[in-house]
Colleague: 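Sharing a structure below in structure tokens format, with a few things to ask.
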Amino acid sequence: LTQVCDLLGAGAAKALLGKDVLPDDLPWVTGSIGLLGTIPSYRMMMGCDTLLTVGSNFPYTQFLPEFGQARAIQIDRSGKWIGMRYPYEVNLVGDAKATLQALIPLLQRKDDRSWRESIESDVDRWWEITERRALVDADPVNPMRIFHELSQRLPDDAIVASDSGSAANWYARQLKFRGDMRGSLSGTLAT
């Protein structure tokens, strides 16, 4: 996925159940998408001309590009998820890694990096905003501050689990996954 994004000068947003798929310290990873998503993810989706969905059954189409705005490709290991959420032009059933590896030789490197640069600028600004919000004083404590401080102190191989509710919001927006960090939260309608 990193190679594909590099070749295409693309950014990457992540569904909450896939927060640990790509590290948040990559400058073009916009973070979570959806109800608990980030501003950079939303802006990227609203401005993109191509959508590549890999291994995700993300249900909230209002956070995806408008129908007809973007050409779309979906990769999923299960045919039952193909084409359910967006009008995809190309639907590929297969293992994500193997399918992406097969696609890489067919892709041309995009020389114009202005799209990527705007995404990276949005991501930088997002992390500045989340830090400022976390550092606002509160009595007895600003819960965003706890997650902000935790994010800086977690080892690179930590496993983080979150429940639903407010903790899921802070998990989604304040924790900056890096290294081999793994994480999950109560998904599929908080069951």
Side-chain angles (χ1 to χ4, degrees), residues 1-56 58 60-66 69-73 75 86 96 100 107 109-136 142-158 160 162 167-185:
L1 192 54
T2 301
Q3 286 178 281
V4 170
C5 287
D6 184 52
L7 281 168
L8 300 178
K14 305 179 287 185
L16 274 180
L17 293 176
K19 182 170 174 62
D20 60 0
V21 170
L22 288 169
D24 290 306
D25 56 3
L26 292 172
W28 44 267
V29 171
T30 61
S32 300
I33 184 174
L35 297 171
L36 302 180
T38 69
I39 293 168
S41 291
Y42 183 79
R43 288 176 47 101
M44 181 175 67
M45 289 296 160
M46 296 304 109
C48 75
D49 62 7
T50 306
L51 174 66
L52 171 62
T53 303
V54 181
S56 178
F58 179 73
Y60 305 105
T61 57
Q62 70 268 34
F63 295 100
L64 297 176
E66 294 290 328
Q69 169 189 322
R71 301 190 77 179
I73 301 105
I75 300 170
Y86 197 83
L100 289 169
L107 301 176
R109 181 175 174 78
K110 186 171 183 176
D111 293 326
D112 180 359
R113 295 295 168 161
S114 57
W115 173 250
R116 167 70 75 83
E117 291 165 1
S118 71
I119 290 168
E120 290 178 1
S121 176
D122 283 350
V123 170
D124 281 344
R125 178 136 172 73
W126 171 255
W127 288 116
E128 290 170 8
I129 290 168
T130 60
E131 181 174 31
R132 279 202 317 267
R133 288 177 180 166
L135 298 179
V136 170
N142 177 348
M144 288 183 279
R145 177 73 179 257
I146 294 168
F147 279 74
H148 174 76
E149 297 292 339
L150 174 66
S151 185
Q152 295 176 37
R153 289 166 173 74
L154 286 170
D156 287 352
D157 62 352
V160 181
S162 175
N169 186 14
W170 304 319
Y171 168 91
R173 294 181 172 169
Q174 296 293 141
L175 290 183
K176 196 172 192 176
F177 277 31
R178 63 189 180 284
D180 293 321
M181 290 175 75
R182 300 298 314 226
S184 191
L185 76 159

Colleague: With rounding to the nearest 0.5 angstrom, report the NZ to CZ distance, K19 to R182.
Modeller: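 One finds 13.0 Å between NZ of K19 and CZ of R182.
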
Colleague: How about L17 and L185: do any of their side-chain heavy atoms sit closer than 4.5 Å?
Modeller: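 Touching, per the 4.5 Å side-chain cut-off.
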
Colleague: Which pair of non-hydrogen atoms, one from A12 and one from C5, has the smallest distance, and what is that distance?
Modeller: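 Closest approach of A12 to C5, heavy atoms only: CB-SG, 4.2 Å.
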
Colleague: How far does CD1 of I39 sit from CZ of R43, to the nearest 0.5 angstrom?
Modeller: 8.5 Å

Colleague: May I ask you to check whether over 12 heavy atoms, not counting those of F63, lie within 6.0 Å of atom CZ?
Modeller: yes

Colleague: Answer yes or no: are there more than 12 heavy-atom neighbours, outside R71 itself, under 6.0 Å from its atom CZ?
Modeller: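 Open: at most 12 neighbouring heavy atoms sit under 6.0 Å from CZ of R71.
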
Colleague: So does S151 get a backbone contact from the side chain of R178, meaning a donor-acceptor N/O pair under 3.5 Å?
Modeller: yes

Colleague: For T30 and I119, what are the C-alpha separation, side-chain angles and deciding distance, and is it a side-chain contact (heavy atoms from CB on, under 4.5 Å)?
Modeller: CA-CA 7 Å; T30 61; I119 290 168; 3.6 Å; yes

Colleague: Quick check against the 3.5 Å criterion: does S32 have a side-chain atom that pairs as donor or acceptor with the backbone of A15?
Modeller: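 Not a single qualifying donor-acceptor pair exists.
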
Colleague: How close do A134 and M144 get, counting heavy atoms only, and between which atoms?
Modeller: CB-O, 3.7 Å

Colleague: In sequence, state the C-alpha distance, the side-chain angles, and the governing distance for L154 and M181, and then conclude on side-chain contact (heavy atoms from CB on, under 4.5 Å).
Modeller: CA-CA 9 Å; L154 286 170; M181 290 175 75; 3.4 Å; yes

Colleague: Mark yes or no for whether K176, through its side chain, and W127, through its backbone, hold a donor-acceptor pair below 3.5 Å.
Modeller: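 Absent.
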
Colleague: Looking at R116 and L8, would you say the former's side chain and the latter's main chain have a donor-acceptor pair under 3.5 Å?
Modeller: no

Colleague: Are more than 12 heavy atoms from other residues, nucleotides or ligands located less than 6.0 Å from atom CD of Q62?
Modeller: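 More than 12 within 6.0 Å, yes.
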
Colleague: Suppose we screen for ring-ring contact (aromatic ring centres under 6.0 Å, His included). Which residues come up paired with W170, at least two apart in sequence or across chains?
Modeller: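 With sequence neighbours excluded, W170 shows a ring-ring contact (aromatic ring centres under 6.0 Å, His included) to F147, given in chain and number order.
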
Colleague: Please determine, by modelled atom types, if S41 and T38 share a side-chain donor-acceptor pair under 3.5 angstrom.
Modeller: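 Checked: S41/T38 side chains pair up, N/O donor to acceptor below 3.5 Å.
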
Colleague: Taking the side chain as everything from C-beta on, heavy atoms only, tell me whether W28 gets closer than 4.5 Å to T2.
Modeller: yes

Colleague: Under the criterion side-chain contact (heavy atoms from CB on, under 4.5 Å), I'd like the reasoning laid out for D24 against V123: C-alpha separation, chi angles, the key distance, then a yes or no.
Modeller: CA-CA 10 Å; D24 290 306; V123 170; over 6 Å; no

Colleague: Could you list the residues that satisfy ring-ring contact (aromatic ring centres under 6.0 Å, His included) with F58, not counting sequence neighbours?
Modeller: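 Applying ring-ring contact (aromatic ring centres under 6.0 Å, His included) to F58 gives Y60.
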
Colleague: Between atom CZ of R133 and atom CD of E128, what is the distance when rounded to the nearest 0.5 Å?
Modeller: 12.5 Å

Colleague: Residues two or more places apart in sequence or in another chain: which of them pass ring-ring contact (aromatic ring centres under 6.0 Å, His included) with Y86?
Modeller: F67, Y88

Colleague: If you compare all heavy atoms of L16 against all heavy atoms of L36, which two are closest, and at what distance to 0.1 Å?
Modeller: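 So the minimum-distance heavy-atom pair works out to CD1-CD1, 3.6 Å.
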
Colleague: So, the side chain of Q69 versus the backbone of M45: is there a donor-acceptor pair under 3.5 Å, distance only?
Modeller: yes

Colleague: How about E149: does its CD atom have over 12 heavy atoms from other parts shown lying under 6.0 Å from it?
Modeller: yes

Colleague: What's the verdict on salt bridge (Lys or Arg N to Asp or Glu O under 4.0 Å) for K14 and D20, showing C-alpha distance, side-chain angles and the deciding distance?
Modeller: CA-CA 9 Å; K14 305 179 287 185; D20 60 0; over 6 Å; no

Colleague: Does D25 reach the main-chain N or O of G179 with its side chain, forming a donor-acceptor pair under 3.5 Å?
Modeller: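 Between the backbone of G179 and the side chain of D25 there is no qualifying donor-acceptor contact (under 3.5 Å).
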
Colleague: Go through V54 and L52 one step at a time and tell me if the side-chain contact (heavy atoms from CB on, under 4.5 Å) criterion holds.
Modeller: CA-CA 6 Å; V54 181; L52 171 62; 3.7 Å; yes

Colleague: From I73 CD1 over to T50 OG1, what is the distance, rounded to the nearest 0.5 angstrom?
Modeller: 6.5 Å

Colleague: To the nearest 0.5 Å, what is the distance between CD1 (I75) and OG1 (T53)?
Modeller: 9.0 Å

Colleague: Under 6.0 Å from the CZ atom of R113, do we count more than 12 heavy atoms belonging to anything else shown?
Modeller: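 Check passes, neighbour count above 12.
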
Colleague: What closest approach, in Å, do C48 and W115 show between heavy atoms, and which atom pair accounts for it?
Modeller: N-CH2, 3.7 Å

Colleague: Do other residues, nucleotides or ligands put more than 12 heavy atoms under 6.0 Å from the CG atom of D180?
Modeller: no

Colleague: What's the separation between atom CG in D6 and atom NZ in K110, rounded to the nearest 0.5 Å?
Modeller: 13.0 Å

